[in-house]
Each structure stands twice: as C-alpha cells, then as structure tokens.
K.L.:
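Have a look at this one before I ask anything.
Lettering follows sequence order; numbering is per chain, from 1.
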Amino acid sequence: MAEVTETTAASSSEGKNPAVPETKRLWSDEVDDEEVQPTATEEKAVSELNVDALAIDENTKVNKFLDEPADSRIQAVTTGDTPYTSASTFEDLNLSPELLKGLYVEMKFQKPSKIQAISLPMIMTPPYKDLIAQAHNGSGKTTCFVLGMLSRVDPKQQRPQALCICPTRELSIQNMEVLRKMGKYTGISSECAVPIESRTNNRSRPQLPISAQVVIGTPGTIKRLMSQKKLGVTDMKVLVFDEADHMLAKDGFQDDSLRIMKDIQRFNSHCQVLLFSATFDETVKNFVSKVVKDYNQLFVKKEDLSLESLKQYKVTLPDELAKIGVVKDRILELGENIGQIIIFVNTKRSASMLHTSLVDLGYEVTTIHGALNLEDRDKIVKEFKDGLTQVLISTDVLARGFDQQQVNLVINYDLPVKYEDQSEPHYEVYLHRIGRAGRFGRKGAVFNFLMTDHDLMIMRKIESYFNSPVAEIPSWGSEEGFKVALKEAGLL
DNA sequence: ACCCCAC
C-alpha cells in the first residue's frame, strides 16, 4: 500500500533539493550509451571507435581483461568430437548479411568479446549441443544468446522457434530491446511474454496464439501461455535460461524452469538448451549437470570473477542514522560528478524506509521493488535508463543483469545474506550486485556499509571467498576518506 | 527474504 505512493512522493520533491541545478541534467550524457565491445588490439580498430579518449582508455583495459588468456581464464570443456574454432571476427560465424549489419550498424560492435568468441561457435555449430556458460559480469553474455537465437531462427517459419526465460520482468524487457536492435534488419518477429497491467485489459479480450519467432519472458507468464496452448513449442529450436543458476535454484525458479523444459522436450527432443550466468555455485552446478545431457561448458574460477576495474570499499557505521547520513553527506552531496548510483537493500520495507528518509531530506531519489505496480516499475527503470534520475534504491529485483553503463557506484546499504542461514553471505548476489557498476570494463566503485559485528564477519567471508581484499574507508564522519576512495576508483 | 505466477 504505502509503496505505491513512492513515485509521487519522489516527483513531488522536485525542486526542493537545493543541490539540483535549474537546468535538467542528463546523468547519461558523459558517456556514449552504446554497448561498446572490446575492440581489436590493433590501433586501427581503436581509432575506428571514434569515441572520446576516456573510452579508448577503458577499451584498452577491456582488452587486457578479456583478451589476454592469462587474465581471462575461461575454462572450456567440450564433449564429443565436434571441433570448435574460436571466432576472432563476426564474419567467422557465417551469419546472414542482415544480422551482421545489425551487429555493426545498430550495436556498433567490432569483434566478439572473449566469451562470445568461444561460445558462439559452440551454439551455432551442429549438432547444436546444450551449453552451460559462465562469464564475468558485463562481458557480453546477452549478445551470445541473443545472437544464438537470431541465427537459428528460420525466417520462413512464422512460429515460435526460440524461447528465453529470465528471472524478472525488467530483464526480459531489456533482453528484448537488445534482440530487436540486433535483429533490426532480419525481419525476425519477437514478443515479450511478461505480466501486463492486470485488472484492465487482461480479462476483456482473449489472447491470440503467439506467432512471433522469438519469445522472451518470465516463468509464470510463459508457463501460463504454454498451458493455455497459446505458445506452441513443437518448432522450438533453442531454449535459453538467462541467469540460469537462479532459474534452476531451489529458492529460485527451479520448479517452473524444469516444467517448461520438460514440456518442450516432450514434443521436441532436439531443442538446444543454453544456460548463461556469471555465477554457478557448486550445488547448482551439480544439479544442472543432471538436467542437461551431452553439453559443452565454460566456467570461470570464483577467484577470477571479481572485476579488476571495480574498486571495492567497506565503511563501518554505528547505527542506521549514520548510514543515512553517509548516503546524504558523503555521497549525494559530492555525487554530482560520479554518474549514476544504485543503492541495494535487502527488503522492500528497507527500500521504502530509505526512500522516505532521503526524500524527506530533499533529495531526488527513486526506488524500485516488487511491491510497486508494474506501470511504476517500468517508469522508474525507464527514467533511470534515460538518465533522468541519478540515484536508484533497489531490492535484488535489479541485482542481476540490469545493464546501465552510466552506473559507476553501487552501494550495499545492506549486505546480501542467505535466507536459510543468515550467518552466510550470499556470494552470488554480492557478485551480481557489484556487477551493476563497471559494465564492459568501465571504472566503478562499490561501498559496503557495515553496522554490526555480524556485518563485519559477513564482509570478511566475502573477501576471502573471492580472494579480493576490500579497502576500508577509515572514518565515516569525515569527507576525506570517501573522496580519496572515489578518486582512487577514477570517479572524481 | 527476494524474484516469478495466480489458468
């Protein structure tokens, strides 16, 4: 109930904030908003990028991270005798001219990233084996499965041939936008299968069977469409699970995912299954290997998973009031130049409370969580993606996959812990959350707020699990430490 | 708890 009023509360606070200049500033205007792929190491490719010096510098880093074997360490395990050659260019993949044009003209890609170079031949080469693919946050996984789906669709068959299932409505919409952009010249049809505003138009008119060639959506809606025979699966060639570890986890969408997979396989034994995520913990890895048979796999060691371009910090705070004070005085007050910010909290209630506190103090922040109505969720995400808002408070609804390149700072206002065992950090959620900053090798910072001894212990475990020490900001009471940290991270 | 559905 209370949550629904949040958007209005936010917009009514406009102009109350003395720190906000009269002229509306776009928080995205400092960087190009295209997903710039890591370019070839040759001078030529870099100059062709035609972006500013900062971006070229960052792309060099991307190359260092993604293209040097010593740094990337993606381990590939293939089965059978199908030989796969890593694709050094998109031409190597025998794509249609229309699809290549989409990659170069619409997406402004130059060459495949590391994960794309390895996974795309595996996806596109007969006998189209299943694939479990792990790769770093922001390294271009979406392109792998979107291109995989587009390349395997037969344009002459006007029936669903590729299906992608995502954990949230927002991620489905985002993936659909990528697919439509990349497939712009192919004429391939697509449909987003996510819940729509309930009461009004749902019941009034019956839904027609889906004829789109590619369908992307959330488990509930997909399941419903399948059971109502509105989504035919007999011609399905590819089934993708984005954020696959969560889609197959017991406390994720395991039941729905297995049901969908089995329903497809009952009619169609040779549907290729693709599983993508930045994280696969041991439990899920074991389970997954029972679900898919005769599959190829790509894995990254957990110690290699932290992004090097991302600087992580922790700061110890005495109480809740100090936490809000630090957000206000140490970040929002000097944050005019640090790009967009996402503040993660553990509960919807916590999100609402922080939202109210900051709005009452006169700051323009927006908040998203699952209790908001769908219209508001869409609006808040769109405003943030359009660069109209700078600070977004979020539950884990946006922890995974959300791609906004201008996010330079992620704050763990609450540390992520496992629900079943609060003394255990949720390592995967931690990694996904911090991966919202530093997309595609860009610079970024993470601030972890620690309040209790329990928080200190959780943080220690996270540091040791990823073998990546997190620097301490010495005093929450002084501005200096935060400035130093943001400078160190390259944001000031 | 967080996310996804409610035929």
K.L.:
Can you check the A/Leu258 CG to B/dC4 P distance for me, whole Å?
P.N.:
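In whole Å, B/dC4 P and A/Leu258 CG are 19 Å from each other.
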K.L.:
Round to a whole Å and report the spacing from CD1 of A/Ile196 to P of B/dA6.
P.N.:
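From A/Ile196 CD1 to B/dA6 P: 10 Å.
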K.L.:
Over all strands shown, is A/Ser227 touching base, sugar-phosphate only, or nothing at heavy-atom distances under 4.0 angstrom?
P.N.:
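The answer is nothing, as A/Ser227 stays clear of every strand by at least 4.0 Å.
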K.L.:
Return the orientation label for the A/Phe447 and A/Tyr313 ring planes: parallel under 30°, perpendicular over 60°, tilted otherwise.
P.N.:
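Correct class here is perpendicular.
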K.L.:
So does A/Arg433 get a side-chain nitrogen or oxygen closer than 4.0 Å to the phosphate oxygens (OP1/OP2) of B/dC2?
P.N.:
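Negative; the distance criterion is not met.
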K.L.:
Which pairs with one or both residues in residues 209-234 of chain A pass ring-ring contact (aromatic ring centres under 6.0 Å, His included), sequence neighbours excluded?
P.N.:
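Those involving residues 209-234 of chain A do not exist here.
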K.L.:
Taking the minimum atom-to-atom distance to the side chain of A/Thr347, which one of B/dC7, B/dC2, B/dC3 wins?
P.N.:
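So the side chain of A/Thr347 is nearest to B/dC2.
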K.L.:
Within residues 250-257 of chain A, which residues have any heavy atom lying less than 4.0 Å from an atom of DNA chain B?
P.N.:
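Close to the strand are A/Asp251, A/Phe253, A/Asp256.
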K.L.:
Please state whether the phosphate of B/dC4, meaning OP1 or OP2, lies under 4.0 angstrom from any side-chain nitrogen or oxygen of A/Thr221.
P.N.:
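No, A/Thr221 has no side-chain N/O under 4.0 Å of OP1/OP2 on B/dC4.
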K.L.:
Is there a donor-acceptor contact under 3.5 Å from the side chain of A/Gln134 to the main chain of A/Ala278?
P.N.:
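Side chain of A/Gln134 to backbone of A/Ala278: a pair is present.
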K.L.:
Output all residues satisfying side chain to side chain contact (heavy atoms under 4.5 Å, CB included) with A/Asp453, sequence neighbours left out; order by chain, then residue number.
P.N.:
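By the side chain to side chain contact (heavy atoms under 4.5 Å, CB included) rule, A/Asp453 matches A/Leu456.
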K.L.:
Which whole-number value in Å describes the distance from A/Leu415 CG to B/dA1 C1'?
P.N.:
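Nearest whole value for this atom pair: 15 Å.
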K.L.:
Let me know the distance between CE of A/Met226 and P of B/dC4, rounded to the nearest Å.
P.N.:
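So the two atoms are 20 Å apart, to the nearest Å.
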K.L.:
Using atom types as modelled and distance alone, determine if a side-chain donor or acceptor of A/Thr186 lies under 3.5 Å from a backbone N or O of A/Ile188.
P.N.:
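A pair under 3.5 Å: yes.
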K.L.:
Figure out the CD1/P separation between A/Ile368 and B/dC4, and round it to whole Å.
P.N.:
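Atom-to-atom, A/Ile368 to B/dC4, this comes out as 9 Å.
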K.L.:
For A/Thr168 and A/Gln228, find the nucleotide of DNA chain B closest to each by heavy atoms; which residue's nucleotide sits nearer the 5' end?
P.N.:
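Counting from the 5' end, the first nearest nucleotide belongs to A/Thr168.
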K.L.:
Take the protein atom NE2 of A/His246 and the nucleotide atom C1' of B/dA1, then report the distance between them rounded to whole Å.
P.N.:
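For the pair A/His246 NE2 and B/dA1 C1', the rounded distance is 11 Å.
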K.L.:
Check the phosphate of B/dC2 against A/Lys418, side-chain N and O only, distance under 4.0 Å to OP1 or OP2. Yes or no?
P.N.:
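Indeed not, no polar side-chain atom of A/Lys418 lies that close.
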K.L.:
Is there a donor in the side chain of A/Tyr430 and an acceptor in the side chain of A/Asn448, or the other way round, less than 3.5 Å apart?
P.N.:
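Yes - a donor-acceptor pair under 3.5 Å links their side chains.
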K.L.:
Please give, in whole Å, the distance from B/dC4 P to A/His369 NE2?
P.N.:
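About 12 Å, once rounded to whole Å.
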K.L.:
Quick check: closest heavy atoms across A/Met247 and A/Phe241, and the distance to 0.1 Å?
P.N.:
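Looking at all heavy atoms of both residues, the shortest contact is CB-CD2, 4.0 Å.
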K.L.:
Grab the CG-P distance between A/Asp421 and B/dA1 for me, whole Å please.
P.N.:
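In whole Å, B/dA1 P lies 16 Å from A/Asp421 CG.
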K.L.:
What contact category does A/Arg169 fall into here, base, sugar-phosphate, or nothing, at under 4.0 angstrom with non-hydrogen atoms?
P.N.:
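The residue A/Arg169 makes sugar-phosphate contact but no base contact.
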K.L.:
Kindly point out which of B/dA6, B/dA1, B/dC3 is positioned nearest to the side chain of A/Arg224?
P.N.:
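The listed nucleotide nearest to A/Arg224's side chain is B/dA6.
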